[in-house]
Amino acid sequence: MIRIQQLLLQVGHTERELEDKIRRILRLDSKTALSYEIRKRSVDARKKPNLYYSYVIDCKTAKEQRICRRAKGGVSLVEEKPYRFPAAGDLPLSHPPVIIGTGPAGLFCGLLLAKHGYRPILLERGQDVDTRLQDVAVFWETGRLNPSSNVQFGEGGAGTFSDGKLNTLIRDRDGRNREVLRLFVEAGADPSILYDSKPHLGTDVLAGVVRQIRKQILQYGGRVRFGAEVTGLTLEDNKITGVIINHTELLPCQLAVLAIGHSARDTFGMLYDAGLKMEAKEFAAGFRVEHRQEKINLAQYGMSDPAPLGAAPYKVTAQAGNGRGVYSFCMCPGGYVVNASSEEGRLAVNGMSYHGRAGENANSAIIVSVKTSDFGSEHPLAGIAFQRRLEEAAYQAGGGRIPVQRLGEFRSVFASRTALSAAHGRMKNCSFSCKLSETGEREDAGEQIQKLRPCMKGTYVFSDLTGILPKEMTEAFLDGMEQFARKIKGFADEDTLVSAVESRTSSPVRILRDETLQSSLKGLYPCGEGAGYAGGITSAAMDGIRVAEAVRIQYRPYEDGMKKKQGGSCRQPQRRNDTYE
């Protein structure tokens with residue numbers, strides 16, 4: 001197979017123009033048989049507003065070695081190595097594998113095991129994606145939180161309410177990344193995710209894809225149970241023998257996969273009490289910032305409406321003067337800031353986009369590195385306590401609503417607070433008189449602000465955010481914003497919107513695992529973002545596949561009397577109470 005690197009064509013080109021350029025590079029006439037596949041497509045905006053696609057193309061034709069020798073530069077022969085699931089081990093399974101959590105890690109681990117005959121049982125404390133969508137909509141509209149079914153908990157995991165980015169920085173020597181994308185396409189995602197350099201699904205598409213992956217697991221003989229929180233473990237000789245569901249039901253198992261997500265704080269506590277070895281992990285926290293999407297389009301693409309490309313993304317990083325790292329995270333073009341809380345009396349925000357990215361504002365988390373020394377304790381769960389303190393402060397600042405402040409005011413108030421911090425406690429109100437309109441917008445001296453308006457899911461209120469983050473982190477945030485303004489014009493303008501608090505960027509805990517991917521309790525496999533081994537949808541799904549491989553290498557597929565009686569066939573999925581099977 002021939003690979004062409006850095007093939008440039010202007011955005012808006014036709015398929016015919018792409019094939020013609022391939023033939024020119026390979027010096028093939030129109031009669032020579034040629035098939036090709038786009039392996040990667042990225043945007044080249046170095047000469048904006050003249051925008052180009054940069055392609056990597058794989059081609060198949062006759063006499064490939066000869067063609068490579070005579071072709072122009074950037075052409076080479078490559079050999080594709082497709083992903084291979086390993087051969088099964090010899091150990092028997094007395095019970096089906098149990099997978100705790102149905103985020104990307106749990107779903108992909110379950111899908112791979114189900115496809116190969118292991119009949120896994122997936123346990124999810126939250127609800128199926130359709131019920132979950134309804135529960136989240138009620139929360140955003142009324143503020144009534146369902147602690148078990150929200151933006152963090154439920155089928156699909158926290159990534160279901162996000163931009164649905166599928167890119168990862170993990171080096172993919174074994175083909176797991178492409179396998180994840182292929183399985184997403186198999187479940188209904190657009191095939192363009194296989195080659196776009198920054199693929200994304202959007203929360204609306206993700207919901208349908210997650211639903212289809214569950215159906216596939218069921219069709220291959222797996223089971224999925226909702227409203228099934230794992231509240232305890234049973235152990236014998238340091239090995240897992242079962243999981244306790246909702247404090248009452250014992251489900252025997254020989255192995256269990258811990259794909260619990262980064263917000264299952266009560267589960268982390270239960271696991272710690274059970275003797276599982278874990279450690280505190282550094283993460284990052286900060287604020288969501290919003291800009292008008294047209295401003296970002298102009299800065300990135302040189303035009304306010306780059307129709308063929310859609311809303312422009314950005315990625316920025318900086319080193320603050322005090323040594324803290326500052327960077328953008330989960331950037332959502334044309335998106336919304338969402339109330340992503342999962343605990344009463346605490347408030348966390350996240351970003352979300354629909355597939356079309358058609359919202360008026362761009363938003364991104366601008367986050368600051370958090371050190372374990374910031375936690376104030378060496379306890380493995382001290383990072384969770386740190387997160388909770390931030391979220392409690394955000395909840396108080398907004399009275400349960402998302403607290404918002406304009407950057408200009410934030411800078412001014414923080415400067416005043418810093419100068420007077422020795423004499424004054426935490427400021428409770430804005431630095432000038434204000435009142436709230438029915439929409440939550442602030443009106444100064446009776447005149448409603450007509451600047452950039454928040455694009456949010458969930459009620460919000462203008463408030464003072466300056467006491468939410470520790471002083472050193474706030475200084476780093478403001479320093480980073482000024483540095484980013486030198487890269488993206490207007491990034492730190494006075495009317496930039498800031499909302500609090502972005503605290504769930506990654507797990508503050510790592511559950512230790514050995515070379516077989518098992519924890520200190522044998523038969524228990526920590527997996528995905530919550531366990532500290534991933535950071536995003538794709539990397540979590542890849543880790544789910546990796547854990548499925550580890551199970552496969554040791555154990556042969558599960559068989560029971562029902563399967564033997566049915567000759568290996570599986571029943572069509574039917575819903576029964578909290579169980580799909």
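In this chain, residues are counted from 1 in sequence order.
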Note to self: Counting neighbours of CD on E392 that are heavy atoms of other residues, nucleotides or ligands and sit closer than 6.0 Å, is the number greater than 12?
What the structure shows: yes
Minimum side-chain heavy-atom gap R406-F462 below 4.5 Å:
yes
Query raised in the report: Does R144 make a cation-pi contact with F139, if we ask for NZ or CZ under 6.0 Å from the ring centre and within 45° of the axis?
Result: no
ask   = Does the side chain of V257 come within less than 4.5 Å of L524's, by heavy atoms?
value = no
- Query: Side chains of E290 and N361: do they bring a donor and an acceptor to under 3.5 Å?
  - Reply: yes
State, yes or no, whether a side-chain contact exists between N322 and D479 at a heavy-atom distance under 4.5 Å. no
Closest heavy-atom pair, S263 versus F153, reported as atoms and distance to 0.1 Å, is O-CZ, 3.2 Å
| said: Looking at K471 and E475, is any side-chain nitrogen of the basic one under 4.0 Å from a carboxylate oxygen of the acidic one? | reply: yes
May I ask you to check whether Q152 and S342 show a side-chain donor-acceptor distance below 3.5 Å? no
What one should report as the nearest heavy-atom pair of I468 and A500 is CD1-CB, 3.5 Å
Side-chain ion pair, D543 and R513, N-O less than 4.0 Å: yes
(message) So that I can tick it off, tell me whether E155 and R132 are bridged by a salt bridge, with the cut-off set at under 4.0 angstrom between side-chain N and carboxylate O.
(response) no
- Message: Using ring centroids (six-membered ring only for Trp), state whether F477 and F414 fall under 6.0 Å.
- Response: no
- request: Please say whether more than 12 non-hydrogen atoms of neighbouring residues, nucleotides or ligands are located less than 6.0 Å from NZ in K281.
  value: yes
For this output row, return yes or no: ring centroids of H379 and Y272 closer than 6.0 angstrom. yes
- Query: How about S148 and N146: does a side-chain donor come under 3.5 Å of a side-chain acceptor?
  - Reply: no
- Task: Using the six-membered ring of Y460, assess whether NZ or CZ of R401 lies under 6.0 Å from its centre and within 45 degrees of the ring axis.
- Result: no
Scanning both residues in full, the closest heavy-atom pair of V205 with H355 reads CG2-CB, 3.7 Å
Is any side-chain heavy atom of C330 closer than 4.5 Å to a side-chain heavy atom of R288? yes
Between F375 and A382 the two heavy atoms that sit nearest each other are CB-CB, 3.7 Å
| Is the shortest side-chain N to carboxylate O distance from R324 to D374 below 4.0 Å? | yes
CG of L407 to CD1 of I366, rounded to nearest 0.5 Å, is 10.5 Å
**Prompt:** Between R346 and E391, does at least one N-O distance fall below 4.0 Å, as a salt bridge requires?
**Reply:** no
Taking atom CD as the centre, does E141 end up with more than 12 heavy-atom neighbours from other residues, nucleotides or ligands that are less than 6.0 angstrom away? no
| Going by heavy atoms in the side chains, are R265 and R388 under 4.5 Å from each other? | yes
**Asked** Quick one: do the D130 and Q134 side chains pair a donor with an acceptor below 3.5 Å?
**Response** no
Check: Under 3.5 Å, is there a donor-acceptor pair between the N246 and T248 side chains?
Finding: no
Quiz prompt | NZ/NE/NH1/NH2 to OD/OE distance under 4.0 Å, R411 and E494 | solution = yes
For P380 and V509 the tightest heavy-atom approach is O-CG2, 3.9 Å
When you compare the side chain of F226 with that of L123, does any pair of heavy atoms fall below 4.5 Å? no
Exercise for the section: Go through D493 and T496 one step at a time and tell me if the side chain to side chain donor-acceptor pair (under 3.5 Å) criterion holds. Expected result: CA-CA 6 Å; D493 283 356; T496 297; 5.7 Å; no
Is there side-chain contact between H262 and S506, with at least one heavy-atom pair below 4.5 Å? no
Would you call M352 and N350 a side-chain contact if the rule is heavy atoms closer than 4.5 Å?
-> no
Quiz item: Would R211 and D128 pass as an ion pair if we require N to O under 4.0 Å?
Solution: no
* Do NZ/NE/NH1/NH2 and the carboxylate oxygens of K371 and E282 come within less than 4.0 Å? -> no
- Task: Give a yes or no on whether K489 atom NZ has more than 12 heavy-atom contacts from other residues, nucleotides or ligands under 6.0 Å away.
- Result: no
Taking atom types as modelled, is there a side-chain donor on S149 or Q127 under 3.5 Å from an acceptor on the other?
no
Is the distance between the ring centroids of F491 and Y314 less than 6.0 Å?
yes
